[in-house]
Amino acid sequence: MKEPLDIAKEHNEMIHEAAASKKYRRAFVVTLLTTIVLAVAVAALWWRLHASPTAQIEPSTARTSEAAPPPMQSTSVEQSATPSQPEMALAPIQLSPQRMQSIGVQIGEVKYQPVTDEIRFYGNVQADERRLAYVQTRFAGWIRKLYADATGDFVRKGQPLFTIYSPDLVTTEQEYLIAKKNQADLQQSTVTGVASGASSLFSATRDRLLQWEIPASEIAKLDATGKVITDLTINSPVSGYITEKNALPNMYVQPDMHLYTVSDLSDVWVVAQVFQNDAGKIKPGDRAEVTVDAYPGRVFSGRVDYLLPQVDTTTRTLPVRLVIPNPGLKLRPGMYVNVRLRLSLGKQLVVPGSAVFHSGTRNLVFAYRGDGNIEPREVELGSRVGEQQIVAKGVHAGEQIVISANFLIDSEAQLQAAAGAFTPPPPGAGAAAAMNEPAQTQASVELTTDPSPPHKGSNTIRVKLTSSDGKPITGAQVTVTFFMPAMQEMGMAAMKTVVHASDKGGGLYEGSGDLGSGGTWQVTVTATQNGQVIVSKHLTLNATGGM
């Protein structure tokens with residue numbers, strides 16, 4: 001049994017434990033209530049920070065809607081922020097005389113004047129197929145004597161080629177002579193039908209000789225001698241060169257055999273190859289000039305006869321047939337010749353070729369208004385003729401335009417357009433924006449192309465964006481601009497290609513664009529996010545493929 005002292009001691013310990021447990025429960029409840037109050041305060045603060053700007057913007061939107069319809073404003077903002085928008089708007093600019101002189105601005109004029117284009121290409125001389133003659137017989141027989149015995153010989157019209165013996169021809173000649181004698185003997189007959197029958201038989205045998213193309217001289221000789229001609233002489237039907245010969249002495253020939261081919265080369269064809277983009281400028285009847293290295297200084301004049309319908313899929317050229325008179329037979333089949341066409345395009349509106357600036361999908365000229373005022377103008381172009389460019393729409397005759405330093409002016413116009421589109425924040429909004437806006441991202445850029453190096457034509461452009469801590473940047477608008485300055489000594493205008501790269505995820509952006517030439521390109525990579533430029537990098541790339 002426990003002692004009273006022990007019992008009292010246990011009782012005191014139980015009292016202390018109960019008091020400690022009560023203090024712990026009280027501290028836990030106080031801590032829980034404090035946490036709940038802090039959570040409610042944080043939620044209220046978050047709600048005020050996010051709900052208050054919306055409440056401030058709504059009255060401004062309502063006031064703006066009174067001046068202009070909200071849907072039109074919303075559409076305008078969406079279009080300007082869309083990455084697929086191909087070009088930035090251009091704004092008129094003004095330059096000081098010192099600035100114009102420092103960047104090399106030159107002024108020209110739009111003119112309305114007669115335009116003559118010149119196209120040069122090559123061709124080959126061919127025999128005129130309309131002047132080819134085939135020598136055949138219309139009866140079977142044996143060749144006896146051969147006069148034209150070599151390919152390439154020149155023969156004149158009516159010159160003997162060979163003689164032939166034909167049993168069928170001899171039989172017909174005998175019938176002809178008999179019918180002729182009977183017609184003479186029975187012409188005075190009083191019997192009905194005898195004279196007319198003899199005349200009909202004579203006509204039939206004569207017609208048979210004519211259908212066999214027996215020369216009239218041979219028939220006259222037959223009438224004069226009254227004897228059968230065993231060896232008939234066949235003459236050349238045209239004057240020209242023997243380009244094919246199949247006749248041999250003592251050879252048996254049939255009506256379907258080509259014995260000779262005689263080419264009349266007094267006129268020849270020149271079949272030339274023109275690029276398909278020049279085909280629309282050429283029409284039958286256009287005058288042509290042909291030169292050949294064999295005769296320096298000699299010019300052969302002719303005309304376009306026909307544009308053949310099939311384009312060569314390998315060279316992308318279209319055959320054009322010219323007819324060229326050939327006095328003295330200087331042009332021979334197979335010769336390689338140079339062809340020049342001078343085409344009159346009538347009166348056209350033209351500007352110097354260097355005045356046109358190719359800005360992505362647009363063609364621009366910069367109209368000069370005087371006192372340094374320059375206005376970008378989008379134009380529709382026609383053909384380029386030498387150093388001049390035909391303009392179909394966008395300018396008028398007599399206007400002054402800039403004909404040099406167009407790239408610098410285009411850049412200035414885009415900068416001023418971007419500056420004009422900026423709307424400053426309302427008073428007092430700058431401090432709040434600075435408090436809530438994160439610090440500007442410092443990004444690094446890696447540019448690659450496919451193929452690498454890029455080439456003339458279509459290329460795939462890839463841009464890799466990473467932040468300063470190595471993390472990929474997504475959701476940005478990336479633009480890659482390729483520029484090659486004009487080369488006046490080579491007759492090349494400035495070229496510009498703008499590629500809008502789309503977000504492929506993981507900080508990778510990809511787009512495609514066409515480079516108009518090989519050579520060194522100046523490249524500018526610009527990335528924007530939330531309306532601010534996060535990186536702009538300049539570099540140069542060498543493209544392959546030639547000019």
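What's counted below: heavy atoms across the whole structure, side chains too, no hydrogens, waters or symmetry copies.
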Quick one: does T524's side chain have a donor or acceptor within less than 3.5 Å of a partner on H538's backbone?
no
Six-ring centre of W269, R321 cation under 6.0 angstrom, axis tolerance 45°:
yes
Is the closest side-chain heavy-atom distance between V339 and V274 below 4.5 Å?
no
How about H455 and T544: does a side-chain donor come under 3.5 Å of a side-chain acceptor?
no
Should we say atom CG of D207 is surrounded by more than 12 heavy atoms from elsewhere, each under 6.0 Å from it?
yes
Here the side chain to side chain donor-acceptor pair (under 3.5 Å) pairs for residues 233-242, sequence neighbours left out, are none
N/O donor-acceptor pair under 3.5 Å between T205 side chain and L201 backbone:
yes
Check A279 against L307 and note the closest heavy-atom contact, atom names and distance.
O-CD2, 3.8 Å
Rounded to the nearest 0.5 Å, what separates atom NZ in K227 from atom NZ in K221?
11.0 Å
Test your reading of the model: is there a side-chain donor-acceptor pair from R332 to the backbone of G334, 3.5 Å cut-off?
no
With a 4.5 Å limit on heavy-atom distance, are the side chains of I324 and V337 in contact?
no
Shortest non-hydrogen pair, G104 vs A405, comes out as O-CB, 4.0 Å
Take I390 and V385, measure what side-chain contact (heavy atoms from CB on, under 4.5 Å) needs, and give me the verdict at the end.
CA-CA 7 Å; I390 297 176; V385 181; 4.0 Å; yes
Quick one: does E173's side chain have a donor or acceptor within less than 3.5 Å of a partner on I229's backbone?
yes
Quick one, K180 and I178 - any side-chain contact, counting heavy atoms below 4.5 Å?
no
Correct closest heavy-atom pair for P237 and V135 would be CD-CG2, 3.8 Å
Nearest 0.5 Å, what's the OG1-CZ distance between T172 and R206?
14.0 Å
By the salt bridge (charged side-chain N to carboxylate O under 4.0 Å, His left out) test, which pairs, at least two apart or in different chains, include something from residues 243-265?
R131-D264
Rounded at 0.5 Å granularity, tell me how far CD in Q211 sits from CD1 in I214.
11.5 Å
Derivation of the salt bridge (Lys or Arg N to Asp or Glu O under 4.0 Å) call for E510 and K504:
CA-CA 7 Å; E510 183 177 304; K504 298 298 183 181; 5.0 Å; no
We want to know whether T261 and T243 form a side-chain donor-acceptor pair, criterion being a heavy-atom distance below 3.5 angstrom.
no
Do V290 and V292 pass the side-chain contact (heavy atoms from CB on, under 4.5 Å) test, and can you show the C-alpha distance, the side-chain angles, and the key distance before you say yes or no?
CA-CA 7 Å; V290 172; V292 59; 5.7 Å; no
Let's go through R303 and D305 carefully: what are the C-alpha distance in whole Å and the side-chain angles of both, what is the deciding distance for salt bridge (Lys or Arg N to Asp or Glu O under 4.0 Å) to 0.1 Å, and is it a yes or a no?
CA-CA 6 Å; R303 59 179 176 81; D305 181 59; 3.5 Å; yes
Is there a side-chain contact between L210 and I219, using heavy atoms and a 4.5 Å cut-off?
yes
Once ring-ring contact (aromatic ring centres under 6.0 Å, His included) is applied, what residue pairs with a partner in residues 309-328 remain, sequence neighbours excluded?
none
Could you walk me through whether I143 and N250 satisfy the side-chain contact (heavy atoms from CB on, under 4.5 Å) test, starting with their C-alpha distance in whole Å, then the side-chain angles of each, then the deciding distance to 0.1 Å, before giving a yes or no?
CA-CA 5 Å; I143 294 177; N250 301 319; over 6 Å; no
Tell me whether K464 at atom NZ has more than 12 heavy atoms from other residues, nucleotides or ligands lying less than 6.0 Å away.
yes
Report the C-alpha separation of V356 and V351 in whole Å, then their side-chain angles, then the decisive distance to 0.1 Å, and conclude whether the side-chain contact (heavy atoms from CB on, under 4.5 Å) test is met.
CA-CA 8 Å; V356 179; V351 298; 4.0 Å; yes
Would you check if L515 and K456 make a side-chain contact, meaning some heavy-atom pair closer than 4.5 Å?
no
Would N326 and S266 count as having a side-chain donor-acceptor pair, cut-off 3.5 Å?
no
Counting only heavy atoms not in Q310, do more than 12 fall under 6.0 Å of its CD?
no
Restricting to ring-ring contact (aromatic ring centres under 6.0 Å, His included), what partner residues turn up for F202, sequence neighbours left out?
Y176
Can you list every pair that meets side chain to side chain donor-acceptor pair (under 3.5 Å) and has a residue in residues 141-154, with sequence neighbours left out?
R144-D231
Answer yes or no: is there a donor N or O on one side and an acceptor on the other, between the side chain of D278 and the main chain of F275, under 3.5 Å?
no
CG/D514 to OG1/T497 distance, rounded to the nearest 0.5 angstrom?
7.0 Å
Any donor and acceptor pair, going by atom type alone, linking the side chain of E218 with main-chain N or O of P215 inside 3.5 Å?
no
Short question: side chain of S263, backbone of L265 - any donor-acceptor pair under 3.5 Å?
no
Basic-acidic side-chain contact under 4.0 Å: R342, E118
yes
Determine, stepwise, if the pair T317 / D312 fulfils side-chain hydrogen bond (donor to acceptor under 3.5 Å, both in side chains).
CA-CA 5 Å; T317 56; D312 190 321; 4.9 Å; no
Under 4.5 Å between any side-chain heavy atoms of Y260 and N246, yes or no?
no
Tell me whether R208 is salt-bridged to E175, with the criterion being a basic N under 4.0 Å from an acidic carboxylate O.
yes
Taking the side chain as everything from C-beta on, heavy atoms only, tell me whether L341 gets closer than 4.5 Å to I282.
yes
Can you see which heavy atom on K281 is nearest to which on D117, and at what distance?
NZ-OD2, 3.1 Å
Examine distances only and state if a side-chain atom of Q136 and a backbone atom of P255 form a donor-acceptor pair shorter than 3.5 Å.
yes
Measuring only between side-chain heavy atoms, which start at C-beta, is Y368 closer than 4.5 Å to Q106?
no
P309 versus L318, closest heavy-atom pair with distance
C-CD1, 4.3 Å
Is there a donor-acceptor contact under 3.5 Å from the side chain of Q389 to the main chain of G382?
yes
If you measure from CG on L232 to CZ on F162, what distance do you get to the nearest 0.5 Å?
8.5 Å
Q522 side chain to F482 backbone, donor-acceptor under 3.5 Å
no
For residues 286-342, which residue pairs qualify under ring-ring contact (aromatic ring centres under 6.0 Å, His included), counting only residues two or more places apart or in two chains?
Y122-Y336
Minimal heavy-atom distance between N542 and P453, with the atoms involved, is O-CB, 3.6 Å
What's the separation between atom CD in E378 and atom CG in L364, rounded to the nearest 0.5 Å?
6.5 Å
In this structure, are over 12 heavy atoms from other groups packed under 6.0 Å from Y134 atom OH?
no
